[in-house]
Asks: 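Below you'll find the structure I mean.
Chain naming here is simple, since letters A, B, ... match the order of the sequence lines and numbering starts at 1 in each.
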There are 2 protein chains.
Amino acid sequence: MAQVRSMRADARRNHERLLKVAAEVFAEQGERASLDEIAKRAGVGSGTLYRHFPTRHALLEAAYVGRIQALGARADEIAVELPPGEALVAWLGEIGLGMIQVGGLKALLGSAVTDGDSFAATVCGVTVQAAAEKLVRAAVAEGSLRGDVSGVEVLRLAHGLATASELGGGRDLARYLRLLMEGLHPG
Amino acid sequence: MAQVRSMRADARRNHERLLKVAAEVFAEQGERASLDEIAKRAGVGSGTLYRHFPTRHALLEAAYVGRIQALGARADEIAVELPPGEALVAWLGEIGLGMIQVGGLKALLGSAVTDGDSFAATVCGVTVQAAAEKLVRAAVAEGSLRGDVSGVEVLRLAHGLATASELGGGRDLARYLRLLMEGLHPG
DNA sequence: ACCTGAACACCGTTCAAGT
DNA sequence: ACCTGAACACCGTTCAAGT
């Protein structure tokens with residue numbers, strides 16, 4: 001699609017409305033929400049949605065870029081507030097909570113950390129992987145984390161533990177993350 | 001549906017064919033496989049499929065009961081071969097591998113351990129939870145597992161770790177389970 | 001250049017007609 | 001009693017016509 005800046009006024013308006021509505025509907029209904037409903041709620045024809053976002057995933061990612069970048073920024077904030085090992089758990093806790101509470105976020109982050117998935121190379125994938133890598137390296141340097149774990153790997157594990165927590169009604173996520181960290185302790 | 005034994009000959013034949021074909025198609029394509037394709041491959045009208053199995057989940061569970069019971073039996077075998085703590089990891093490893101390799105099995109086991117889900121009370125749920133509970137209790141008694149963990153909980157965690165492993169291309173499942181067991185060690 | 005919405009395709013589900 | 005498959009509904013996706 002053309003750069004947002006260079007779009008015709010009506011196109012830009014539609015683009016923005018679609019992003020806003022998509023973020024709401026995905027959050028409510030999850031990543032399998034009806035695209036037709038998103039188009040209708042945004043007041044545009046279904047063809048317009050496809051013109052702006054050729055795939056469901058493109059729309060989902062575009063709708064959540066802001067949220068993902070906020071998560072990346074949170075990693076830096078937490079790194080200042082807490083010692084490395086605790087910072088990592090705290091950040092994974094926030095991500096995990098988001099995956100449980102915000103529809104579609106778990107699916108988006110999942111594809112962003114899937115081996116061989118082209119989405120891992122998108123803004124979301126790069127942002128979240130870089131943040132995780134930074135926290136992991138600091139924890140390893142501090143000696144509170146094994147050296148054989150990567151950023152993308154803890155993200156996959158966080159995704160898995162969020163899934164496990166969901167099966168149990170959304171409880172126990174923090175507890176599961178603590179179990180994980182004990183298991184990941186060196187020695 | 002009527003008892004299988006009391007069914008008319010053609011109905012029983014259709015029932016069996018549907019189960020056999022469903023097991024194949026679900027295994028290949030996952031739990032969202034086309035029901036129409038299953039009906040076609042079984043050589044029956046789509047209405048017949050719905051007559052025998054009113055919901056997708058009923059068909060999935062019926063198709064996999066045998067597999068689930070085999071997993072239950074494996075728990076007893078392994079309990080004889082290995083000390084309690086190792087038996088639990090080994091069994092969770094087999095279940096996890098099944099969830100990764102057999103389409104639809106992860107979804108089925110997921111609903112069987114979901115809090116508040118009516119499917120937790122089905123044959124599959126009861127079978128797998130009882131087996132897990134037995135292994136967990138033995139490991140707790142032996143002192144190799146914390147006392148505050150339940151059978152259904154380790155199944156949820158195994159589901160989560162299988163998911164994490166899938167994101168990484170199906171590798172590292174055994175490693176993740178070992179991390180979990182270290183985290184679940186008492187003291 | 002962009003939008004609209006009808007048209008098409010696909011699939012799940014129901015049910016009237018048939019044996 | 002059971003089966004069949006047409007019919008209906010729903011939704012994703014494309015594209016001709018319009019501005």
Asks: Within this structure, what is the NZ-to-P distance between K40(A) and dT4(C), rounded to whole angstrom?
Replies: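 From K40(A) NZ to dT4(C) P: 12 Å.
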Asks: Please collect all salt bridge (charged side-chain N to carboxylate O under 4.0 Å, His left out) contacts where either partner lies in residues 154-166 of chain B, sequence neighbours excluded, each pair once.
Replies: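 Listed once each, the pairs are K106(B)-E166(B).
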Asks: Using whole Å, report how far NE2 of H52(A) lies from P of dC2(C).
Replies: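 After rounding, the gap between these two atoms is 8 Å.
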Asks: Treat primed atoms plus P, OP1 and OP2 as sugar-phosphate and everything else as base, then score nucleotides 12-19 of chain D 5' to 3': B for base contact with protein heavy atoms under 4.0 Å, S for sugar-phosphate contact only, - for none.
Replies: SBBB----
Asks: I need the full list of salt bridge (charged side-chain N to carboxylate O under 4.0 Å, His left out) pairs touching residues 118-131 of chain B, with sequence neighbours left out, sorted by first then second residue.
Replies: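 Every candidate salt bridge (charged side-chain N to carboxylate O under 4.0 Å, His left out) pair involving residues 118-131 of chain B fails, so no pair, neighbours aside, qualifies.
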Asks: Return the set of residues passing side chain to side chain contact (heavy atoms under 4.5 Å, CB included) with E142(A) (not counting sequence neighbours), or none when no residue passes.
Replies: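 For E142(A) the side chain to side chain contact (heavy atoms under 4.5 Å, CB included) partners, ignoring immediate neighbours, are P83(A), P84(A), S144(A).
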Asks: To the nearest Å, give me how far apart CZ (R12(A)) and P (dC2(C)) are.
Replies: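 Rounded to whole Å, this separation is 11 Å.
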Asks: Running the 4.5 Å side-chain criterion over Ile, Leu, Val, Met, Phe, Trp and Tyr, what cluster does L97(B) land in, apart from itself?
Replies: none
Asks: Can you establish whether the number of heavy atoms outside R12(B) located under 6.0 Å from its atom CZ is more than 12?
Replies: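 Yes, the 6.0 Å shell around CZ holds more than 12 heavy atoms from other groups.
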Asks: Nearest whole Å is fine: how far is dC11(D) C1' from L59(A) CG?
Replies: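 Value for this atom pair: 16 Å.
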Asks: Enumerate, atom names and distances included, each donor-acceptor pair closer than 3.5 Å involving a side-chain atom of residues 127-137 of chain A, sequence neighbours excluded.
Replies:
residue : atom : partner : partner atom : Å
T127(A) : OG1  : V123(A) : O            : 2.7
Q129(A) : NE2  : A112(A) : O            : 2.9
E133(A) : OE1  : G151(A) : N            : 3.0
K134(A) : NZ   : D76(A)  : OD1          : 3.1

Asks: Could you check how far CG of L18(A) sits from C1' of dT4(C), rounded to whole Å?
Replies: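 Distance check: L18(A) CG to dT4(C) C1' gives 13 Å.
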Asks: For DNA chain C, please output the secondary structure as dot-bracket, reading 5' to 3'. Pairs are Watson-Crick or G-U wobble, both atom distances under 3.5 Å; mark crossing pairs with [ ], other-strand partners with |, unpaired with a dot.
Replies: ||.|||||...|||||.||
Asks: Among all residues two or more places apart in sequence or in another chain, which pass the ring-ring contact (aromatic ring centres under 6.0 Å, His included) test with Y50(A)?
Replies: none
Asks: Could you tabulate the donor-acceptor pairs under 3.5 Å formed by side-chain atoms of residues 174-187 of chain B, not counting sequence neighbours?
Replies:
residue : atom : partner : partner atom : Å
R175(B) : NH1  : E153(A) : OE2          : 2.6
R175(B) : NH1  : D172(B) : OD1          : 3.2
R175(B) : NH2  : D148(A) : O            : 3.1
R175(B) : NH2  : E153(A) : OE1          : 3.3
R175(B) : NH2  : E153(A) : OE2          : 3.3
Y176(B) : OH   : E153(A) : OE2          : 3.1
E182(B) : OE1  : R146(A) : NH2          : 3.1
E182(B) : OE2  : R146(A) : NH2          : 3.1

